[in-house]
Amino acid sequence: MSPFRSHMDLALSQARAAAARGEVPVGAVVVAPDGRVLAAEGNRGRERADPTAHAEMLAIRAACAALGSERLTGCALYVTLEPCPMCAAAIGAARIARLYYGAADPKSGGVAQGPRIFGHPQSHHVPEVYDGLAAEDCAALLRRFFAERRG
């Protein structure tokens, strides 16, 4: 395994691109055990008229396609916002080894907030979870986005 290198900068770049498309600014990056970026995605729910087109779901799908496997064993996921319950369940199903996220999501989170998906006995896989990575930058991007919408 490669030494730790944060990929939150790339996730933030994907989040900014999502905002430019009028999507909620969330970005996600899947990194292979050797440090290669397998996928980088931003939210596309509105664009695709698909409620499952969250950044994490899209990045997981693309990384699985890149590896030709439904499992992302040993991979890390960087996401700018705490994953929702749907995305947390997909993270577990994909067997992602490490989850790094930026801003907490008290309203819709599913990892440290709300249903805490990985705390349930039904969770077949629990990744290592690291929160608060570039949290202020991630939260500020979301605050600006929603302030402009309310403006």
Residue pairs passing the salt bridge (charged side-chain N to carboxylate O under 4.0 Å, His left out) test with at least one member in residues 133-146, sequence neighbours excluded, are Glu136-Arg143

Quick one: does any side-chain atom of Gln113 pair with a main-chain N or O of Ser108 as donor and acceptor, under 3.5 Å? no

Notebook entry, point to check: For Ser69 and Arg95, what are the C-alpha separation, side-chain angles and deciding distance, and is it a side-chain hydrogen bond (donor to acceptor under 3.5 Å, both in side chains)?
Noted result: CA-CA 11 Å; Ser69 174; Arg95 304 301 196 266; over 6 Å; no

Salt bridge (charged side-chain N to carboxylate O under 4.0 Å, His left out) pairs touching residues 14-24, sequence neighbours excluded, are Arg21-Glu47

Quick note, salt bridge (charged side-chain N to carboxylate O under 4.0 Å, His left out) partners involving residues 110-135, not counting sequence neighbours, are none

Note to self: So His7 and Leu77, do their side chains get closer than 4.5 Å, heavy atoms only?
What the structure shows: no

Where the side chain of His125 meets the backbone of Ile96, is there a donor-acceptor pair that is under 3.5 Å apart? yes

Output for pair (Met57 CE, Asn43 CG), nearest 0.5 Å, gives 11.5 Å

What do the steps show when you test Ser6 against Tyr100 for side-chain contact (heavy atoms from CB on, under 4.5 Å), and what is the final call?
CA-CA 9 Å; Ser6 176; Tyr100 301 92; over 6 Å; no

Are the side chains of Leu81 and Tyr101 in contact, using a 4.5 Å heavy-atom criterion?
no

Sequence neighbours excluded, the answer for salt bridge (Lys or Arg N to Asp or Glu O under 4.0 Å) partners of Glu148 is none

### Message
Looking at Thr80 and Cys138, would you say the former's side chain and the latter's main chain have a donor-acceptor pair under 3.5 Å?
### Response
no

Those residues at least two apart in sequence (or on a different chain) that pass side-chain contact (heavy atoms from CB on, under 4.5 Å) with His120 are Gln122

Hey, are the side chains of Pro127 and Arg98 touching, using non-hydrogen atoms and a 4.5 Å cut-off?
no

*asked:* Does any part of the side chain of Val31, heavy atoms only, come nearer than 4.5 Å to the side chain of Leu38, both counted from C-beta?
replied: no

Applying salt bridge (Lys or Arg N to Asp or Glu O under 4.0 Å) to Arg36 and not counting sequence neighbours gives Asp34

